[in-house]
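Each remark here refers to the structure printed beneath this line.
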Amino acid sequence: MTGRKVLVLGSGGREHALADALLASPSVSRVVVSPGNAGTLTPPAGLPSGKALLNKPGAPLEVARDERPDLVVVGPEAPLTEGLIDQLSAEGFLAFGPSRRAAALEGSKAFMKEVAARHGLRTARFERVTDVAEVERVVGSFEHPPVVKADGLCAGKGVVVAVSHDEAVAAARDMLAGRFGAAGATVVIEEQLVGQEASVHAICDGERAFVLPAAQDHKRIFDDDRGPNTGGMGTYAPAPLITPMLAERVRREIIDRAVAGMAADGNPFRGTLFAGLMITPEGEPCLLEFNVRFGDPETQVLMNVLDGDVAELLASAARGALSADAVTVAPRHAVCVVLAAPGYPGTPEVGSPISGLERAAQIDGVRVYHAGTRIEAGATVTSGGRVLGVTARGSTLAEAHERAYRAADAIEFPGKQLRRDIARRALSP
Ligand code: AMP
Ligand code: GLY
């Protein structure tokens, strides 16, 4: 019997990690990544025979019509908020991800805050502002400098964690004046929370949720959380900050309430619900944001702590009949160290040859996920800000960490940037 054909839409490290996990799923024989990158051309070593991996460029709907996949998995948020799942479903495809209306949990921060308030999810106190004349009064109503967020998608650039009330006022005015176009026509001003951040992903079928182990990302470009924000410079999972007791509270008080609330509101959530959490010094889990897709580079570690049939998990969720026992959480740890191009998170310098990929891949437990790479005259060269997600699994966090850095050091390209402190917090608390 031939297995499922899965189409993965996207081109980053997240999509490479998903393609790998889907290809390794017993129910799958073929994975097509569109558009993919230089990494999604090569299946991982040691795969059973009869499995194929390929890249295909083109508009998502056209690629789906050509390939007739049994399952479509959409990586990034923009097409989800624009309704790609609705379009795919209307054409009869089984597509994993939220509808346009459910994707507003990420696409509109005001919508997310309103859902949280309506259904009792703990989150920072907020006010929604659309009139520049209101900014000063609203900012002044917060005792400490608040956080200012553009309502819509801004590729991670629409959040200002202000250090003074004046900075918050200026940021809100800037957004309302059109700095982010329509995405900033509404601004959310909210209380600044302190604590430690973690993210929890849940695979949802509209009614039920399967919660994955917690992960921690490292958002700033430099060690010790210094310098500008990035898309994420490295992750590890499971994150010991989320104790079993805390994980149970996050499931009950945040994930389950969101899933039940969205269903009650007539917008059932199917897909990956990714909760960005702040664990307060009192140990309370507070919701910072929802994303409606897998995190990047969270996926790179999460896919390394799951065993079983990820394709069946996602397909069952997309069908509305979650089969959580399709996978098991393995007693493993994973660490992902991102290698970034010089200039990132500003304009990256691209087109440099990358060496050492094979040497890195030979290290036990290591898988190098590609993000900003392309093939040029037969060689792999850099083509984006985040270039590679060097990921290792291990039976302990220390083992995964040692392998990931050994592999990261084996890979070279001019001006390579990486953080040296990924997972350090969990290794030496
Ligand atoms: P977001 O783009 O919504 O993920 O926010 C980016 C980052 O801003 C988060 O990862 C937090 O570090 C920070 N942040 C967002 N909201 C708050 C808040 N209410 N208090 C403190 N930090 C926040
Ligand atoms: N790594 C954070 C994100 O995917 O939003």
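In this text the structure is predicted, and so the values were computed from the model without any measurement. Ligands are counted one by one from 1 in listed order, and the atoms in each one are counted from 1 as well. Counting begins at 1 with the first residue of the sequence.
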Next item on the list: Check ligand 1 against Glu197 and write out every atom of the ligand that is under 4.0 Å from a heavy-atom position of the residue.
Entry: 9 (C), 10 (O), 11 (C), 12 (O)
Item checked: Arg14 near ligand 2 by a heavy-atom separation under 4.0 Å -> no
Margin query: Which residue and atom name correspond to the protein heavy atom nearest atom 2 (O) of ligand 1, and how close is it?
Written below: Val159 CG2, 3.3 Å
Margin query: Need the ligand 2 atom indices (1-based, order shown) with element for anything under 4.0 Å from a heavy-atom of Asn291.
Written below: 5 (O)
Notebook entry, point to check: Counting heavy atoms only, which part of Glu106 comes closer than 4.0 Å to ligand 2: side chain, backbone, both or neither?
Noted result: neither
Item checked: Carboxylate-amine/guanidinium contact Lys219 Glu197, below 4.0 Å -> no
Next item on the list: Count the heavy atoms of every other residue, nucleotide or ligand shown that sit under 6.0 Å from CZ of Arg406, and state whether that count exceeds 12.
Entry: yes
Margin query: Checking a contact table here: which protein heavy atom is nearest atom 17 (C) of ligand 1, and how many Å away?
Written below: Leu288 CD2, 3.5 Å
Check: Is Arg319 paired with Glu312 through a side-chain N to carboxylate O contact shorter than 4.0 Å?
Finding: yes
Next item on the list: Identify, by atom number and element, the atoms of ligand 2 in contact range of Lys219, meaning under 4.0 Å from any of its heavy atoms.
Entry: 2 (C)
Check: If we only count N/O pairs under 3.5 Å, is Gln192 in contact with ligand 1?
Finding: no
Next item on the list: Run the salt-bridge test on Asp256 and Arg251 with the 4.0 Å N-O cut-off and return the result as yes or no.
Entry: yes
Notebook entry, point to check: Between Glu82 and Arg100, is the closest basic N to carboxylate O distance under 4.0 Å?
Noted result: no
Margin query: For the 3.5 Å polar cut-off, considering only N or O atoms, please tell me whether Val161 and ligand 1 meet it.
Written below: no
Notebook entry, point to check: Is there a side-chain contact between Pro342 and Glu349 (heavy atoms, below 4.5 Å)?
Noted result: yes
Note to self: What protein heavy atom lies closest to atom 22 (N) of ligand 1? Include the residue and the distance to one decimal.
What the structure shows: Met278 CE, 4.0 Å
Margin query: Please list, in number order, the atoms of ligand 2 under 4.0 Å from a heavy atom of Glu298.
Written below: 1 (N), 2 (C), 4 (O)
Notebook entry, point to check: Quick one: does NZ or CZ of Arg419 land under 6.0 Å from the six-membered ring centre of Phe222, within 45 degrees of the ring axis?
Noted result: no
Check: Hey, is the main chain of Ser11 close enough, under 3.5 Å, to the side chain of Asn37 for a donor-acceptor pair?
Finding: yes
Margin query: Please list the nearest protein heavy atom to atom 21 (C) of ligand 1 with its residue and the distance rounded to 0.1 Å.
Written below: Leu193 O, 3.2 Å
Item checked: Other residues, nucleotides, ligands: >12 heavy atoms within 6.0 Å of Gln87 CD -> yes
Note to self: Assess whether a salt bridge exists between Glu253 and Arg257, defined as any Lys/Arg side-chain N lying under 4.0 Å from an Asp/Glu carboxylate O.
What the structure shows: no
Notebook entry, point to check: Lys109 heavy atoms, cut-off 4.0 Å: which ligand 1 atoms fall inside?
Noted result: 3 (O)
Item checked: Within-shell test, Gly295 vs ligand 2, heavy atom, strictly < 4.0 Å -> yes
Notebook entry, point to check: Hey, which atoms in ligand 2 end up nearer than 4.0 Å to a heavy atom of Asp217?
Noted result: 1 (N), 2 (C)
Item checked: For Gly231, atoms of ligand 2 separated by under 4.0 Å from a heavy atom -> 1 (N), 2 (C)
Check: Is the closest heavy atom of Phe274 to ligand 2 under 4.0 Å?
Finding: yes
Margin query: What protein heavy atom lies closest to atom 5 (O) of ligand 2? Include the residue and the distance to one decimal.
Written below: Arg293 NH2, 3.0 Å
Check: With atoms numbered from 1 as shown, which atoms in ligand 1 lie under 4.0 angstrom from a non-hydrogen atom of Glu289?
Finding: 1 (P), 3 (O), 4 (O)
Notebook entry, point to check: Can Asp86 and Arg101 be counted as an ion pair, charged N to O under 4.0 angstrom?
Noted result: no
Check: Are the charged groups of Asp131 and Arg137 less than 4.0 angstrom apart, N to O?
Finding: no
Notebook entry, point to check: Which option, Lys149, Glu191, Glu190, owns the non-hydrogen atom nearest atom 15 (C) of ligand 1?
Noted result: Lys149
